[in-house]
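By convention here, the first residue in the shown sequence is residue 1. Both counts, for ligands and for their atoms, begin at 1 and track the order of listing. This is a predicted model, so every value here is computed, not measured.
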Amino acid sequence: MLIIGSGLAGLSFALKAAQSARVAVITKNELKETNTWYAQGGIAGVMDLNHDSFEKHIQDTLVAGAGLCDTNAVSKMVYKAPKLIQELVDYGVGFTRKGDQLDLGKEGGHSENRIVHAADATGREVENVLAKRVKNHPNIDVFEYFFAMELLTEHHLGKKVKYLPEIHCFGVYALNCKEGIVETFLAKKTVLATGGIGEVYAHTTNPSIATGDGIAMAYRAKAYIQHMEFVQFHPTTLQIPEADSYLITEALRGFGAILRNSSGHAFMKDYDKRGELAPRDIVARAIDDQLKKRGDKAVFLDASSLESSVLLEHFPNIAKECAKYGLDITKDYIPVVPAAHYLCGGIRVDEFGQSSIKHLYGIGETACTGVHGANRLASNSLLEALHYADTAVSHALKQFDNLDFETRIPDWNVEGTFNNKEWILVSHNREELQQVMWDYVGIVRSDMRLERALRRQTLLYNEVEEFYHRTSLTPELLELRNLISIAYLIIQAAMARKESCGLHYNVDYETYGRPSLSDI
Ligand code: FAD
Ligand code: SIN
């Protein structure tokens, strides 16, 4: 089995698959450089049936999803959460405890405390534990700094895939980044666990690896892609340029921190009666509205009325990061703004994580499973990664033994390419694309802005395709090409949706799905 990506989705799949098969994990950077590593708040799950219920978690997920969730998929994921979280505990993940129980935090859109966490650095703890197990596993080979470029299908056997009733995946071409050569990885089953797309925007909570490579590859191979218009903007990232959109976890608001504008007014209740704990799309839009109306650069998180020692115990990393910029979170207001955070759409998969291409699975943030609908509920992402890794492994292993390898795939052809001296174009084009997406395809959209974005995206596409076909490959160029495809998919999906719904808010259309704010 071939797994692309070493975040929670990829590593948990690898550990389970390796119990019965040989597994290769390809990852384009060092193993731990993933969105998973940066996760703060935690993993949602009903762990205390005396105070919570599966029905409530399902209901909260559906309400956040604004009418577009797949209820069956949500229900399966929610019921399996306690078992999946217990597996992480058994692997040795050190979640924060309160006495002999797991400590349960709260975040926006959750009606109960149900976020299992490791202080305010949950992802780091989970990734460290799983990465260590994967590296030491005798059935797993890890290929760091290998960049998966193209999915291998009948196209590479010289067939016109658009006329085929079924397309099959045979593995990938991957750039060995250290050697600069392209290698062929053949596999009976290929799993895309390549994470998110935050880098397509100028401001994002994501690390720079989040360039949507898996989605772009799957799109080129003619897989079905869905719900790309639903990009989640996290309401609160540190508004200090050197902090590079550092996330201030929603758990801080769950703990009692208040959002204030520059006059000190706590504005959230003016927008939604759930105040600071309304779903993320509502909070991000409220902040955007405050910034535009008032001409301010930031709003402020105020945690000063909370008990200092408890605050510092729960949020040690946020306290440390803020202290770097002279902010004491027990006293000072923390300046925050929204930034691109999460993609609800992606490669359309079924309940087993199967894409529309045979033997190709999509799991984690790269997949569109239907559990998030038009807006993801906080801390349901790590849970989704665990759930789909689990269900995809069982499915893939069932059919594994009788499958043959496809061996006729030709080597990558490097003829006609040369080492171009114009590399400045790559970084410049990336920045230009990010700014276009931020300005025209952000929290608030309009038909005119989307059309403008598409015109600019088309220009960049033409320039970069030409460059790509005559230039030797680098990870930077491959990422830029993928980002341009991701931008196209987001803009097209946003243009096609003639309504405002969940995370997709277009001022030219009515809101659909959830009651408007004034009805709540
Ligand atoms: P990732 O963890 O992003 O892993 C993707 C992997 O794919 C990486 O190893 C990457 O290098 C590799 N890759 C990508 N392209 C290629 C390629 N072409 N070739 C080879 N390898 C490739 N969610 C929650 O549920 N709770 C939280 O508290 C939470 N907090 C968050 C905080 C931050 C700051 C961020 C950024 C996200 C947070 N999220 C949270 C979202 C969550 O972390 C991610 O959605 C989740 O970790 C995605 O896991 P993944 O395994 O799908 O992808
Ligand atoms: C956060 O900690 O606020 C992020 C949680 C999430 O993305 O689910």
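Heavy atoms of Ala193 found under 4.0 angstrom from ligand 1 belong exclusively to the backbone. Both the backbone and the side chain of Ser379 come within 4.0 Å of ligand 1, counting heavy atoms alone. At a heavy-atom distance under 4.0 Å, only backbone atoms of Glu33 (N, CA, C or O) approach ligand 1. Looking at Glu127 against ligand 1, nothing comes within 4.0 Å, counting heavy atoms. Under 4.0 angstrom from ligand 1, the non-hydrogen atoms of Glu365 come from both its backbone and its side chain.
Atom NZ of Lys83 has more than 12 heavy atoms from other residues, nucleotides or ligands within 6.0 Å. Within a 6.0 Å radius of CZ in Phe267, other residues, nucleotides and ligands contribute more than 12 heavy atoms. Other residues, nucleotides and ligands contribute more than 12 heavy atoms inside 6.0 Å of the NE2 atom of His137. Heavy atoms of other residues, nucleotides or ligands lying less than 6.0 angstrom from OH of Tyr461 number 12 at most.
Using a 4.0 Å cut-off to heavy atoms of Ile4, the atoms of ligand 1 that qualify are 19 (N), 20 (C), 21 (N). Heavy-atom contacts of Arg376 reach the following atoms of ligand 1: 23 (N), 24 (C), 25 (O) (cutoff under 4.0 Å). Of all atoms in ligand 1, numbered sequentially from 1 with element shown, those under 4.0 Å from a heavy atom of Asp213 are 15 (N), 16 (C), 17 (C), 18 (N). Near Phe147, the atoms of ligand 1 lying under 4.0 angstrom from a non-hydrogen atom of the residue are 18 (N), 19 (N). Residue-ligand proximity, Phe146 to ligand 1, at heavy-atom distances under 4.0 Å covers atoms 19 (N), 20 (C). Residue Tyr342 has at least one heavy-atom neighbour below 4.0 Å for each of these atoms of ligand 1: 45 (O). Near Ala9, meaning under 4.0 Å from one of its heavy atoms, ligand 1 places the atoms 51 (O), 52 (O). Residue Gly364 has at least one heavy-atom neighbour below 4.0 Å for each of these atoms of ligand 1: 52 (O).
In terms of polar-atom proximity, defined here as any N/O pair under 3.5 Å, Gly41 does make such a contact with ligand 1. Polar contact check, Ala148 against ligand 1: a nitrogen or oxygen pair lies under 3.5 Å apart. For ligand 1, the polar-atom distance check against Asn29 finds no nitrogen or oxygen pair separated by under 3.5 Å. Backbone and side-chain nitrogen or oxygen atoms of Leu8 are examined, and one is located within less than 3.5 angstrom of a nitrogen or oxygen of ligand 1.
At the top of the distance list for atom 27 (C) of ligand 1, counting protein heavy atoms only, stands Gly42 O, 3.5 Å. With respect to atom 49 (O) of ligand 1, the closest heavy atom belonging to the protein is Thr36 OG1, 3.3 Å. In this structure, atom 11 (O) of ligand 1 lies nearest to the protein heavy atom Thr27 OG1, 3.5 Å. Atom 23 (N) of ligand 1 has Ser381 CB, 3.5 Å as its closest protein atom, hydrogens excluded (heavy atom only). Nearest protein heavy-atom neighbour of atom 53 (O) of ligand 1: Gly195 CA, 3.3 Å. Among all non-hydrogen protein atoms, the one lying nearest atom 36 (C) of ligand 1 is Asn206 ND2, 3.4 Å. The nearest protein atom to atom 1 (P) of ligand 1, hydrogens excluded, is given as Asn35 N, 3.6 Å; this is a heavy-atom distance. In this structure, atom 38 (C) of ligand 1 lies nearest to the protein heavy atom His341 CE1, 3.6 Å.
Residue Thr122 places every heavy atom at 4.0 Å or more from ligand 1. Under the 4.0 angstrom criterion for non-hydrogen atoms, Thr366 is not in contact with ligand 1.
Closest approach of Thr34 to Ile209, counting heavy atoms only: CA-CD1, 3.8 Å. Between Ser6 and Thr27, the shortest heavy-atom contact is OG-OG1, 2.8 Å. The heavy-atom pair separating Ile240 from Tyr325 by the smallest distance is CD1-CB, 3.5 Å.
In this structure Ile181 satisfies the side-chain contact (heavy atoms from CB on, under 4.5 Å) test together with Asn176, Glu179, Glu183, sequence neighbours excluded. Residues satisfying the side-chain contact (heavy atoms from CB on, under 4.5 Å) test with Cys322, not counting sequence neighbours, are Leu238, Ile248, Ile318, Leu327, Ile329, Ile334.
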Discussion item. Under the criterion ring pair (Phe, Tyr, Trp, His ring centres under 6.0 Å), I'd like the reasoning laid out for Phe255 against Phe315: C-alpha separation, chi angles, the key distance, then a yes or no.
Written reply: CA-CA 10 Å; Phe255 213 68; Phe315 303 101; 5.3 Å; yes

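With salt bridges taken as basic N to acidic carboxylate O contacts below 4.0 Å, none links Lys56 and Asp60.
A 4.5 Å side-chain heavy-atom check between Thr190 and Leu2 finds at least one atom pair inside the cut-off. Contact check for Ser245 versus Gln239: no side-chain heavy atoms found under the 4.5 Å cut-off.
Between His227 and Phe230, the distance from one ring center to the other falls under 6.0 angstrom.
In this structure, ligand 2 sits under 4.0 Å from heavy atoms belonging to Gln40, Gly41, Glu107, His234, Leu247, Thr249, Glu250, Arg280, His341, Arg376, Ala378, Ser379.
Exactly one residue among Phe146, Phe147, Tyr173 makes a ring-ring contact (aromatic ring centres under 6.0 Å, His included) with Phe185. That residue is Phe146.
Checked by atom type and distance alone, the side chain of Ser355 pairs as donor or acceptor with a backbone atom of Leu360 at under 3.5 Å. Under the 3.5 Å distance criterion, the side-chain polar atoms of Thr474 are matched with a main-chain donor or acceptor of Leu477. Not a single donor-acceptor pair under 3.5 Å links the side chain of Thr391 to the backbone N or O of His387.
Evaluation of the ring pair (Phe, Tyr, Trp, His ring centres under 6.0 Å) test over residues 194-214, restricted to residues two or more places apart or in two chains, returns Tyr201-Phe233, His203-Trp438.
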